[in-house]
Student: 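What follows is a single structure, and I will ask about it in a moment.
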Amino acid sequence: MSIPYNHRAIEQKWRKNWEEHPINVNDGKKEKYYCLDMFPYPSGNGLHVGHWRGYVISDVWSRYKLMHGHYVIHPMGWDAFGLPAENYAIKMGIHPSKSTAENVKNIKRQIQEIAAIYDWDMEVNTTDPDFYKWTQWIFVKMFKKGLAYEKEMPINWCPSCKTGLANEEVVNGKCERCGADVTKKNLKQWMLKITAYADRLLADLDKLDWPEKVKKMQTDWIGKSYGAEVDFKVEGKEESITVYTTRPDTLYGATFMVLAPEHELAKGLATDETRNAVEDYIYKSSLKSSVDRLQDKEKTGVFTGSYAINPLNNAKVPIWLSDYVLADYGTGAIMCVPAHDDRDFEFAKKFDLPIIQVIAKDGKEIENMTEAYTEASGTMINSGEWDGMESSVLKREAPAMIEKRGFGKKTTNYKLRDWVFSRQRYWGEPIPIVHCKDCGAVPVPEEELPLLLPDVDSYQPTGTGESPLADIEDWVNTTCPKCGKAAKRETNTMPQWAGSSWYFLRYVDSKNDKELVSREKADKYLPVDMYIGGVEHAVLHLLYSRFYTKFLCDIGVIDFDEPFTKLFNQGMITGKNGIKMSKSKGNVVSPDDLVRDYGCDSLRLYELFVGPPELDSEWDDRGIEGVYRFITRFWNLVMENKDKNVPETKELVKARHKLVYDITNRLESFSLNTVISGFMEHNNKLIDMSRKGGVDKKTLEVFVQLLAPFAPHISEELWEELGHKESVFHCGWPEYDEKAMEEEEIEIAVQVNGKTRAVVTIPKDAAKEEAVAKGKEALGDKLTGNIIKEIYVPGKIINIVAK
RNA sequence: GCCCGCGUGGCGGAACUGGCAGACGCGCAGGACUUAAAAUCCUGUUGUGGUGACACAGUACCGGUUCGAUUCCGGUCGCGGGCACCA
């Protein structure tokens, strides 16, 4: 009896061995491959089996690249600033610097259990001053380029987290972190001008090998639209109001105009009769939260008393105010064409405003219109000189026509807003700005960075719109770097996304104290070739990182403008019935026990076997038994055959090539669950062959090589058992020969009218006559009626059509 | 409301460009070994009918294209996700 499989001893042995003899070494000659995980924030709850999956996927891919002779950059770090870490610290009553350090330690231990080939020399932590020095440095650079600016405006405010939020952090009117209803608060904020990059962020999506879903989400988020700005004169006044529309073709149908209550002209348009009502409406709107505004089912509004003149036909249209028009999109004012827009139609019906149809539906005017006709297709009617034109054509041409006639211009708009970058919280990078009475906002000189986050006892958020830093007088009070007079520090901190927007650049030169990253190393090791993480960051981290990368490229720090060449989103692991794993639900499965009982190798395989890596999968502990059985059976197979000197048979060679073919192709297409089932299937076949006469050594070796990225410990052990001195990871990836796996005879289904009635064995490239004859023979008396047609697709099917 | 994606056994899931539906695994049932159990091994496992070879039905539902459809097309229902008054 040979040695039984002992995962504990084997895994311990190889962990130690890899530590002493690293397998992924940069010799300066190998081609680099950068495979990156989205770095975790150090949560106090530790890792569950769901976190494992992403890390296993990336490690399998990294080891696969390693076996192809690459030097693999596969780092790990900590996204340790920000709300999650701080909220946890507040809850536990431990200072965030302390709780964060503890959590990092614990999670690092757990991550090491995965046995990934992480290069811990590269490790970064966003809360490390040597790291956030450069986070602040980027901010200063942006400030100097005019991309960071201060603005007082109503921003999204989470009353629970007591901080302002970026647009991207508000999901369905709720805080992305805590789920509380988001309100509006008027605050002076630092903003990043991400909108300056809107066009490039949109256009460059084409360059990326990313899931279509994520590209689409970013496209929609950027939300580029094409249309025109049209100027309407206000009757009896000097002013004119500019509206933005994507449907200038419907200009003749504009029967009224609506301004956002916050529009700068709103108040001034009121007449003596309407003044009270108008001011009342503006005041009430200002009190409404964004959630209220969204949830209002009925449209509200007030007539200003003023009229505008449609520049096309000089029609007089009433000007209304309504909060369904957004102040910060387009011009904050719209022309309303109730016949061809749902919202305008609703508003017109409610306030009894005229409706003029300008596009014919099915060639005619609609009687008793009950809903807006929103298609841009049909012939123009009631539109003066435009009558008879096709609306879709006019929609395209109208902006230029309007521009030519001098009452507007062709333009585009984006849904993307500038990034609210201030947080009224303690646990973040201090914004390196000094406010001076004379010089205004002055950046902290670059040589004085990092601007350290002061240590405080009271780090709870104040809720007043001021950061806790505002209370630390000897920190706040400073001198102006420009004029030397007394000045005050900016007390807001940066959002969690600041560090994560560029951390991937730092790994390859993490100890550089002169530069963010040396240009030499950046050119050599960047960008990221493969990025693996959850889809939840589609419009947050992934958009911000692209923006940062483009900026850093523009100022010459790096020479590429897209950070992540290829992106893979792994699905979530959930508990029973697809319920998200959480402590409160009590359905969290910790990897620790499973590693102890079944071993790291088994858990790695099972993480992949549960389902397609890109889809969510329900965790079921029992399934790991099957994987453990496979590993044990494979172990036994190798142990029984390794010293038997079994000669290679044709059948064994065929099986070997088929094995390499299956595993390689499935791995290349990221079908990792079927890679594992492929291993199992081939293992079963080999066990069968082993009983019939044995399995040759070469086949066993190839199997071990293929298994290595997935189950590294057992593979190294068996590789050694097979007589090798060198690590299996340095012995290349096996190749297959399609000719070698071809069968001379194949089984082929014989159908009658498309239904399988028999299976015959025929030569692989049998001629039609032969195949059909054999098929008919096999069918025997199952074939009745007159034969109408005989179909033979070599290698696929024989189908006899009979009546 | 708009835009994506998905519906396959008791369960997780296979089926590459249309070609034997249900690979692989879990679970379950039966058997071998054992005093017994665990572990291990073997057999069976979509449903209905039949002792049986076999027959019929079957990939959410209805219809279409095709010699042939889980796969392509049209419609319906259900589930999940994104956006949500962006003019």
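So you know, we letter chains A, B, ... as the sequences are listed, proteins then strands, and number each from 1.
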Student: So, Glu168(A) and Trp419(A): side-chain donor and acceptor under 3.5 Å apart, yes or no?
Tutor: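 Their side chains do not contain a donor-acceptor pair, so the 3.5 Å distance test is not met.
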Student: Is the closest side-chain donor-acceptor distance between Tyr324(A) and Asp344(A) under 3.5 Å?
Tutor: yes
Student: From C-beta outward on Arg757(A), which listed nucleotide comes closest to its side chain: C24(B), A55(B), G19(B)?
Tutor: A55(B)
Student: Just compare A87(B), C83(B), C20(B) and give me whichever is closest to any side-chain atom of Tyr244(A).
Tutor: A87(B)
Student: Of Val627(A) and Glu747(A), whose closest RNA chain B nucleotide lies nearer the 5' terminus?
Tutor: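 Its nearest nucleotide lies further toward 5', so the answer is Glu747(A).
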Student: Which one, A87(B), G19(B), G13(B), comes nearest to the side chain of Ile334(A)?
Tutor: A87(B)
Student: Closest to the Asn799(A) side chain: G68(B), A14(B), A87(B)?
Tutor: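 Per side-chain heavy atoms of Asn799(A), the pick is G68(B).
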Student: When the aromatic ring centroids of Tyr598(A) and Tyr606(A) are compared, is their separation below 6.0 Å?
Tutor: no
Student: Of the options C24(B), C85(B), A87(B), whose atoms approach the side-chain atoms of Asp323(A) most closely?
Tutor: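 My answer, after comparing the listed nucleotides, is C85(B).
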Student: Does G9(B) sit syn or anti, given that only angles within 90° of 0 count as syn?
Tutor: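 G9(B): syn.
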Student: Counting the atoms with a prime plus P, OP1 and OP2 as sugar-phosphate, which does Lys415(A) contact under 4.0 Å by heavy atoms, base, sugar-phosphate, or nothing?
Tutor: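 Here Lys415(A) touches the bases of the nucleic acid.
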Student: Does a donor on one side chain and an acceptor on the other come within less than 3.5 Å for Asn641(A) and Ser690(A)?
Tutor: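 A pair is found: one side chain offers a donor N or O, the other an acceptor, under 3.5 Å apart.
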Student: Here's a test of your reading of the structure: between Ser677(A) and Thr756(A), which maps to the more 5' nucleotide of RNA chain B?
Tutor: Thr756(A)
Student: Could you tell me the separation between the CZ atom of Phe630(A) and the P atom of C41(B), rounded to a whole number of Å?
Tutor: 13 Å
Student: Rounding to an integer number of Å, can you tell me how far Lys215(A) NZ sits from C4(B) P?
Tutor: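 Taking NZ of Lys215(A) and P of C4(B), I get 17 Å after rounding.
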Student: Could you tell me how the ring of Phe630(A) sits relative to the ring of Phe703(A): parallel (under 30°), tilted (30 to 60°) or perpendicular (over 60°)?
Tutor: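 Aromatic pair Phe630(A)/Phe703(A) classed tilted.
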Student: With a 3.5 angstrom cut-off on both distances, give the Watson-Crick or G-U wobble partner of U59(B), or none if there isn't one.
Tutor: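 Partner of U59(B): none.
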Student: Base, sugar-phosphate, or nothing: which does Asp220(A) touch, judged by heavy atoms less than 4.0 Å apart?
Tutor: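 The residue Asp220(A) makes no contact with any strand.
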Student: The side chain of Ser225(A) is closest to which nucleotide in this list: C24(B), G27(B), A87(B)?
Tutor: A87(B)
Student: Write down the partner of A32(B) under the Watson-Crick or G-U wobble criteria, each distance required to be under 3.5 Å.
Tutor: U40(B)
Student: Is it the case that C85(B) (base atoms only) and Lys299(A) (side chain only) share a donor and an acceptor within less than 3.5 Å, ignoring hydrogens and angles?
Tutor: yes
Student: To the side chain of Arg633(A), which of C42(B), C24(B), C67(B) is closest?
Tutor: C42(B)
Student: If I take atom CE in residue Met217(A) and atom P in nucleotide G81(B), what distance separates them, rounded to the nearest angstrom?
Tutor: 12 Å
Student: Consider the side chain of Val171(A), meaning its heavy atoms from C-beta on, and name the nucleotide among A14(B), C83(B), C67(B) that approaches it most closely.
Tutor: C83(B)
Student: Looking only at N and O atoms, is any donor in the side chain of Glu625(A) or the base of G25(B) less than 3.5 Å from an acceptor on the other one?
Tutor: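 Absent.
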Student: Base, sugar-phosphate alone, or nothing: which one does Val793(A) contact when heavy atoms must sit under 4.0 Å apart?
Tutor: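 Base, at least one base heavy atom under 4.0 Å.
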